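Presented below is the structure to which this report refers.
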Amino acid sequence: MPELPEVETMRRGILGAVGGKITLVEKTRCLKKPISITPSIAQIRRRIIGKRITNVDRIGKRVVVCVGGTAEKANDFLILEPRMTGLVLVANPPTDEHMRFRMEIAGSDVDEIGFWDRRGLGNVRLLNQTELNEQLGPSKIGPDAIKISAGEFFERFSASGREIKVALLDQKLIAGVGNLYASEMLHLAKIHPQRKCNEIKKPSYTKLHEKMLDILLDAIKHEGSTLSDGTYRNALNKDGSYQNMHQVYDRADEICFTCKKNKVIRVVQAQRATFFCRRCQR
DNA sequence: CCCCAGTCCTGCGGGC
DNA sequence: TGCCCGCAGGACTGGG
């Protein structure tokens, strides 16, 4: 399940395409149920074939391929949104029915970018600057989790009456945190996931911000978490290794690594599994 | 404002 | 051994 570290790894995996010229754009053939690709492939081709990739960016859990113009001010933005099972691949991408979209690029280290998605919940969008602001601007997507300051983090969360774990998943409040890393950061910060945001004291927010940064940056170093279902992999189709660092995620009924006494508990919040330790997190 | 359930979709593992 | 069902959750939507 790609969250910030996984999507950042995808971004870095195709950074070598910057400076290259797009020579081919295609939906992959033999698809049963195509994913959402907008606008039409014909229109995408008209707008980006022959154009240069000027940057590769990330907005929350989406990879943004900037096309035309300059690195600071591109003409068009190709959004690759993996959702649950999407992968952004560069080398020898599989040619099975889950391959959804691909581009060929000339004159750069990366000569191919593929979008593979087993479940097909992801999407590909080509946006201009106005559409980008409307769909993925600050009113829709909060500050990035690895860029937000401790002060702004506190300001954004402390007034809410929601449970902290649920609020962390709200991409309008903060961008990039998903179900897995939310459990992990609350564990290291020793905060109970069901505690209301407005009950948590400022020093705890400072600690949560610190642990969030630690975990996300460490997970990027490990190229993300590849779970036992094997859904996420990096741009070279290789597993990440941060799954070996998990403290609580998917460890229900196992002994907590921190206190070595209590078992990790699994609860459901907002229809999603949360893992935590009753002794360590209050 | 916030919450909740439903929607999309495939592969898997538990249970019988 | 084989089959069925429920679950996994990111983002969005509609109703309360």
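As the structure is a prediction and not an experimental result, all values here were calculated from the model. Below, each value reflects all heavy atoms present in this structure, side chains not excepted, and no hydrogens, waters or symmetry copies. Every chain is numbered from 1 and lettered A, B, ... according to where its sequence line falls, protein lines coming before strand lines.
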Atom pair distance, as rounded to whole Å: [atom1] in [X] and [atom2] in [N]:
| X | N | atom1 | atom2 | result |
| --- | --- | --- | --- | --- |
| A:Lys61 | C:dA11 | NZ | C1' | 9 Å |
| A:Glu97 | B:dG11 | CD | P | 7 Å |
| A:Arg118 | C:dG10 | CZ | P | 15 Å |
| A:Gln171 | C:dC12 | CD | C1' | 12 Å |
| A:Leu136 | C:dG10 | CG | P | 17 Å |
| A:Trp116 | B:dT10 | CH2 | P | 12 Å |
| A:Arg162 | B:dC2 | CZ | C1' | 7 Å |
| A:Met84 | B:dC8 | CE | P | 16 Å |

Rounded P spacing from C:dC3 to B:dC9 in Å | 25 Å
What distance, rounded to whole Å, do you find between the two P atoms, one in B:dG11 and one in C:dT1?
-> 23 Å
Heavy atoms only, 4.0 Å cut-off, all strands: where does [X] land among base, sugar-phosphate and nothing?
| X | answer |
| --- | --- |
| A:Ala273 | sugar-phosphate |
| A:Glu81 | sugar-phosphate |
| A:Tyr249 | sugar-phosphate |

Using the six-membered ring wherever Trp is involved, compare the ring planes of A:Tyr205 and A:Phe153 and label them parallel, tilted or perpendicular (cut-offs 30° and 60°).
-> perpendicular
salt_bridge(A:Glu112, A:Arg102) N-O dist < 4.0 Å | yes
A:His98 side chain near B:dG11 phosphate (N/O to OP1/OP2, under 4.0 Å) | yes
Checking A:Arg233 against A:Trp116: charged group under 6.0 Å from the ring centre and within 45 degrees of the axis?
-> yes
Quiz item: cation-pi between A:Arg251 and A:Phe257, 6.0 Å / 45° | yes
Note: for A:Lys140 and A:Arg119 on DNA chain C, the residue whose nearest nucleotide lies more 5' is A:Arg119
Is A:Met185 close to A:Asp214 at the side-chain level, that is, under 4.5 Å between some pair of heavy atoms?
-> no
Residue whose closest nucleotide on DNA chain B lies nearer the 5' end, A:Arg272 versus A:Asp170 = A:Asp170
Find which nucleotide of DNA chain B each of A:Gln271 and A:Ala159 is nearest to by heavy atoms, and output the residue with the more 5' nucleotide.
-> A:Ala159
